[in-house]
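Have a look at the structure below, then the notes.
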There are 2 protein chains.
Amino acid sequence: MDNKRKKYLEARAKVLKAMAHPSRLLILEELEQTEHCVCELTDMIGADVSTVSKHLSVLKQAGLVIDEKRGNQVFYQLRVPCVLNFFGCIESVLEAQVTEQSSLLKIVTV
Amino acid sequence: MDNKRKKYLEARAKVLKAMAHPSRLLILEELEQTEHCVCELTDMIGADVSTVSKHLSVLKQAGLVIDEKRGNQVFYQLRVPCVLNFFGCIESVLEAQVTEQSSLLKIVTV
DNA sequence: TTGCTATTTGGCAATATAGCCAAATAGCAA
DNA sequence: TTGCTATTTGGCTATATTGCCAAATAGCAA
């Protein structure tokens with residue numbers, strides 16, 4: 001694997017890694033509808049504010065969201081809306097998983 | 001966040017997590033072209049065979065690849081080819097990152 | 001100023017991940 | 001059988017991630 005390709009793969013992996021957390025996926029989904037402040041996202045997720053703030057920082061670092069301070073609140077917006085197109089495909093991966101599991105179950109229970 | 005949504009987000013995050021590693025992305029990209037045995041992928045990645053085998057196991061567990069033993073080799077295939085459509089979008093995320101960084105650089109250097 | 005709200009950051013403990021080596025397993029052929 | 005190749009699994013250490021609490025920072029209003 002040459003160095004150029006390595007860099008390429010690392011950059012892409014970094015973006016995926018930033019997305020690969022349930023709370024961060026929820027944030028992305030909600031931001032697809034409209035912008036939200038940290039406090040709103042915190043209510044939706046139901047974790048500590050500091051935890052949510054760190055999740056947002058991960059998404060920001062990855063280039064997935066942008067933030068804007070207004071008053072004493074910070075609003076986050078989706079930067080690249082296409083990220084959610086992923087999910088149609090992931091859906092089919094999950095369906096494949098189910099198929100696999102049920103055929104596995106069949107083998108086990110026979 | 002209700003329990004149903006939580007499950008939904010966890011399932012999707014799991015798939016993304018499985019993809020979020022440079023070596024595993026390389027595997028997915030290569031399998032898009034054609035199936036490969038573990039030894040071929042090991043050569044491409046340049047890590048220990050056991051490491052590559054574990055990466056493949058992660059991808060299999062996530063429902064992204066399937067394996068087929070032929071002789072003393074195991075061939076892996078992409079199960080859901082659409083996963084690589086992600087990359088067009090990730091590309092734009094990366095471009096957004098670059099823009100951000102260069103404007104940041106501008107601020108710093110002024 | 002003081003107090004209140006919103007957010008970020010530091011620090012810590014628990015858990016998960018990555019990658020190597022060594023050993024186990026399986027297929028094939030001499 | 002024995003030996004060789006291909007692959008997986010166990011075990012280990014190093015590193016990264018997660019999520020909380022506590023503290024710092026910032027804006028706004030009394």
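Residue numbers start from 1 in every chain, and the chains themselves are labelled A, B, ... in the order their sequence lines are given, proteins ahead of strands. Being a predicted model, the structure only gives us computed values, none of them experimental.
Side-chain atoms of A:Val38 lie closest to C:dT8 of the nucleotides D:dT8, C:dT8, C:dT17. Comparing C:dT7, D:dT7, D:dG27 by their closest approach to the side chain of A:Ser53 singles out C:dT7.
Using a 4.0 Å heavy-atom cutoff across all strands shown, A:Phe75 reaches no nucleic acid atom at all. Residue contacts shown for B:Arg24 are limited to sugar-phosphate atoms, with no base heavy atom under 4.0 Å away. Within the nucleic acid shown, A:Ser50 comes within 4.0 Å of at least one base atom, counting heavy atoms only.
In this structure, CG of A:Leu26 is placed 15 Å from P of D:dT18, rounded to the nearest angstrom. Summarising the geometry, the separation between NZ on A:Lys60 and C1' on C:dT7 is reported as 11 Å, rounded to the nearest angstrom. Counting to the nearest Å, the P atom of D:dG19 and the CD1 atom of A:Ile45 are 9 Å from each other. Whole-Å rounding puts the A:Asp43 CG to C:dT5 P distance at 14 Å. Taking atom CG on A:Asp48 and atom P on D:dG19, their separation rounds to 11 Å, with Å as the unit. At whole-Å resolution of the value, CD in A:Gln73 and P in C:dA6 are 7 Å apart. The distance from atom CG of B:Leu56 to atom C1' of D:dT9 is 14 Å, rounded to the nearest whole Å. As rounded to whole Å, 6 Å separates atom C1' of C:dA18 from atom NE2 of B:His21.
Pairing partner, C:dC12: D:dG19, with both Watson-Crick or wobble hydrogen-bond distances short of 3.5 Å. Nucleotide D:dG11 has C:dC20 as its partner under the Watson-Crick or G-U criteria, with both atom distances under 3.5 Å. The base-pairing partner of D:dT2, taking Watson-Crick or G-U wobble contacts with both distances under 3.5 Å, is C:dA29.
Here A:Thr51 reaches the OP1 or OP2 of D:dC20: one of its side-chain N or O atoms lies under 4.0 Å away. A:His55 has a side-chain polar atom (N or O) that falls below the 4.0 Å cut-off from OP1 or OP2 of D:dG19. B:Tyr76 has no side-chain polar atom (N or O) that falls below the 4.0 Å cut-off from OP1 or OP2 of D:dA6. Within the structure, every side-chain polar atom (N or O) of B:Lys69 is placed at least 4.0 Å from both OP1 and OP2 of D:dA6. An OP1 or OP2 oxygen of C:dG10 is reached within less than 4.0 angstrom by no side-chain nitrogen or oxygen of A:Lys54.
Residues A:Glu29 and B:Leu9 meet the side-chain proximity criterion, which asks for heavy atoms closer than 4.5 Å.
Separation of atoms CZ (A:Arg24) and CG (A:Leu64) is listed at 10.0 Å; rounding is to 0.5 Å.
In plain terms, the two heavy atoms of B:Ile45 and A:Met1 that are nearest each other are O-CE, 3.8 Å. When all heavy atoms of A:Ile90 and B:Arg12 are compared, the pair lying nearest together is CG2-CG, 3.5 Å.
B:Ser57 places no side-chain N or O within 3.5 Å of a backbone atom of B:Ser53 that could act as its donor or acceptor partner.
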